[in-house]
Amino acid sequence: MTPDQIVYRHSPGTRITHWVFFLAFLALISSGLQIFNAAPYLDASDKSNPARRVLSIDSTQDSQGVTTVFGHTFRTTGWLGFGDDGMGGRTDRAFPGWITIPAYQSLADGRRWHLFFAWVMAVCGIAYMISGFARGDLQELILRPADVPKILPMQLYYLRLRKEPPPHGKYNPLQKVAYTLVLFVFAPLLILTGLALSPSFDALFHPITVIFGGRQFARLWHFVLMLVLIGFFLTHISLVATQGVFNQLRSMITGRFRLGTHDGVGV
Amino acid sequence: MKRRIFLASSLSAALSGCSSIGTKLNDNAAFHNFLGVSESLNRALLGTHGLAREYADSDVDATFRINGFDTPMDAHYSRLQNGNFRDYRLLIDGAVERRRAISLAHLNDMAQQSNITRHDCVEGWSAIGKFRGVRLADVLDLAAPKASARYVVLHCMDRSPEGLPYYESLDLHQARHPQTLLALALNDKPLDAAHGAPVRLRVPTQLGYKSAKWVGRIELVASYSNLFSGHGGYWEDQGYEWYAGI
């Protein structure tokens, strides 16, 4: 391929589901934090058990936010525990109003949003998997044994310790590692822990809760997996930002991607 | 450093934009109603099947966390409480063949069932308790619901701080679920006032707010839409789902 050639990179299915995923992901985080606020602690147990508390976000009598992680306590006033009430004031609240849906405290509305966008995510995820496998896009994204020896050279290239990336297809080995983990490990676990907490699933099939260590533990895993996917999201947008924002965004909107100096360094 | 600032600010910008747009949409009645389709979908697809998980005696929380409101303070409840609930009668009326007024002694004489199950509060916490009582199905049979009856409404001897009466409803299928009890005892002791004495509903397959405390009257109805705000329960009228399976 000659440099500066425009290629058709993303199918309509990939592009549409990408932006629906993006919106649903934000709505699920914001409404999920709203739900967390109603019981702002996470226990590594089936029933609630303060002795097995991993995280709690609380406030003190004198309006200080206090976050405790594995027994270590931090002052987090203004950010966690005490801060924006979503209505122009400040109050005792685990996650502040500017980050939750709705901004004001409402568990009922948070659940309404969360259960709705869980469905959006599910339908979109199924559409993505069908479209991706049918068109062969996903096969190009899945890590294969042949990619494994190329992971280290690719990392060295990213760290500027190597001049050229190892030869690879549409996606480089590190992209494949990241997407394979997200699409086939972290996202499914996030969905399963969500289902463990979803209406009727526990009664229909106890193992869905039991394998995660029980109901409260499933709530903890669900939260941790959210953090993992936020980590992926941040890495993703930082790469978009540094690898040609315009070109990257265009390829996810119109499908067209200009191959050039950044050929092969995808996001 | 620049990159970290960029990352943190882009995530904050995305989430805060999401929060403010989300709040506006949330306040829009049409959109808010539209979000409710997920409840209808879950109710239609999943329904109420299966059994709540049962636990061992050693799993029980000795001090079972109190859910919902504090003990009713009104004269009617206090009088019953002071009389050790001797004057308590569980009324069963509405779409039934035989209206009933059942005493606590009668309930205690009926076949008892107990289960050790987990109570999951909609807020997110869980507690395990041993509940003993009569199956709601058996109590309904005493009154013989008419064919027109579709929902079992539980009216409680309790009001919210704003003065709204507490009530809940189940469909007949949920009411006749083998684990659905009118509980009389918790952890081998008669219910105390804070846990719903003398009679509370215990539905381990549904979120805690469904398990109404201080049940005084059971009304069978064809529809709950003309009761109070029409959503089938005190918390449902505040925006929580009627379908609250676990």
Side-chain angles (χ1 to χ4, degrees), chain A residues 22-23 26-27 29-31 33-43 45-49 86 97-104 106-109 111-120 197-206 209-210 214-216 219 230 233-235 237-238 241-242, chain B residues 3 6-8 10-12 14-27 32 34-39 41-43 45-53 55 59 61 65 118-128 179 204-207 235-236 238-241 243-246:
Chain A
F22 172 66
L23 287 178
L26 291 181
I29 293 174
S30 294
S31 58
L33 298 179
Q34 168 75 253
I35 293 170
F36 174 91
N37 277 358
Y41 40 78
L42 297 167
D43 297 348
S45 54
D46 185 9
K47 60 180 182 178
S48 297
N49 181 355
W98 61 265
I99 213 171
T100 65
I101 291 181
Y104 46 85
S106 170
L107 172 61
D109 289 344
R111 286 174 55 83
R112 213 173 168 89
W113 278 75
H114 206 74
L115 291 170
F116 180 84
F117 280 96
W119 267 110
V120 172
L197 301 166
S198 288
S200 284
F201 274 86
D202 191 22
L204 286 168
F205 189 62
H206 305 322
T209 317
V210 175
R215 178 141 179 126
Q216 296 300 315
R219 201 168 169 260
I230 287 177
F233 176 75
L234 291 178
T235 312
I237 55 171
S238 79
T242 54
Chain B
R3 177 180 286 200
F6 166 78
L7 279 177
S10 51
L11 181 69
S12 326
L15 285 173
S16 97
C18 178
S19 168
S20 61
I21 295 167
T23 306
K24 284 198 183 75
L25 286 172
N26 189 62
D27 293 339
H32 194 264
F34 175 64
L35 292 179
V37 301
S38 60
E39 186 195 344
L41 209 55
N42 290 339
R43 188 169 165 177
L45 282 178
L46 302 168
T48 308
H49 303 287
L51 294 169
R53 194 174 152 201
Y55 292 84
D59 298 319
D61 281 291
R65 184 168 168 179
R118 202 184 58 224
H119 172 111
D120 293 328
C121 178
V122 67
E123 291 174 339
W125 55 267
S126 308
I128 294 175
Q179 291 171 316
T205 48
Q206 306 216 26
L207 293 173
W235 288 109
E236 287 84 339
Q238 321 291 316
Y240 288 87
E241 304 95 327
Y243 175 67
I246 293 171

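By convention in this document, chain letters (A, B, ...) are assigned in the order of the sequence lines, proteins followed by strands, and residues within each chain are numbered from 1. Scope of the values below: all heavy atoms of this structure, side chains included, with no hydrogens, waters or symmetry mates.
The part of B:Leu207 that comes within reach of chain A is its side chain, from C-beta onward, which places non-hydrogen atoms under 4.5 angstrom from that chain. If you measure heavy-atom distances from B:Arg65 to chain A, the contacts under 4.5 Å come from the side chain alone. B:Glu241 touches chain A through its side chain: at least one heavy atom from C-beta onward sits under 4.5 Å away, while N, CA, C and O do not. Heavy atoms of B:Ala14 lying under 4.5 Å from chain A belong to its backbone as well as its side chain. Neither the backbone nor the side chain of A:Phe205 comes within less than 4.5 Å of any heavy atom of chain B. Looking at B:Val122, both its backbone and its side chain come within 4.5 Å of chain A, counting heavy atoms on both sides. With a 4.5 angstrom heavy-atom cutoff, B:Tyr55 touches chain A only via side-chain atoms. For A:Ile230, the part lying under 4.5 angstrom from a heavy atom of chain B is the side chain only. Interface residue B:Ser16: backbone and side-chain heavy atoms are both found under 4.5 Å from chain A. Using a 4.5 Å cut-off between heavy atoms, A:Leu115 touches chain B through backbone and side chain atoms alike. Only the backbone of B:Asp59 comes within less than 4.5 Å of a heavy atom in chain A; its side chain stays farther off.
For the options A:Leu23, A:Leu42, A:Ile99, heavy-atom pairs under 4.5 Å to chain B are most numerous at A:Ile99. The candidate with the highest count of non-hydrogen atom pairs below 4.5 Å against chain A, out of B:Gly50, B:Cys121, B:Pro204, is B:Gly50. By number of non-hydrogen pairs under 4.5 angstrom with chain A, the leading residue of B:Leu51, B:Thr48, B:Asn42 is B:Leu51. Between chain A and the options B:Ala244, B:Ser126, B:Gly36, heavy-atom pairs under 4.5 Å are most frequent for B:Ser126. Between chain B and the options A:Ser30, A:Ser200, A:Pro102, heavy-atom pairs under 4.5 Å are most frequent for A:Ser200. With chain B as the partner, the residue from A:Tyr104, A:Phe233, A:Phe201 showing the most heavy-atom pairs under 4.5 Å is A:Tyr104. By number of non-hydrogen pairs under 4.5 angstrom with chain B, the leading residue of A:Ser31, A:Ala39, A:Ala203, A:Ser238 is A:Ala203. Counting heavy-atom pairs closer than 4.5 Å to chain B, the top-ranked of the candidates A:Phe36, A:Trp113, A:Trp98 is A:Trp113.
The line from CD1 of A:Ile101 to CG of B:Asn26 is 8.0 Å long, rounded to the nearest 0.5 Å.
Side-chain atoms of B:Ser19 come within 3.5 Å of backbone atoms of A:Gly97 as a donor-acceptor pair (strictly under, hydrogens ignored). For A:Arg112 (side chain) and B:His32 (main-chain N/O), a donor-acceptor pair under 3.5 Å exists by modelled atom type. In this structure a side-chain-to-backbone donor-acceptor pair under 3.5 Å is missing from B:Gln206 to A:Pro199.
Two residues are said to be in side-chain contact when any heavy atoms from C-beta on lie closer than 4.5 Å; A:Arg219 and B:Asp120 fail this criterion. Here the side chains of B:Tyr240 and A:Leu107 are in contact, with some heavy-atom distance below 4.5 Å.
Considering every non-hydrogen atom in both B:Thr23 and A:Thr100, the closest pair reads OG1-O, 4.4 Å.
The salt bridge (charged side-chain N to carboxylate O under 4.0 Å, His left out) test applied to A:Asp46 returns B:Arg53, B:Arg118, not counting sequence neighbours.
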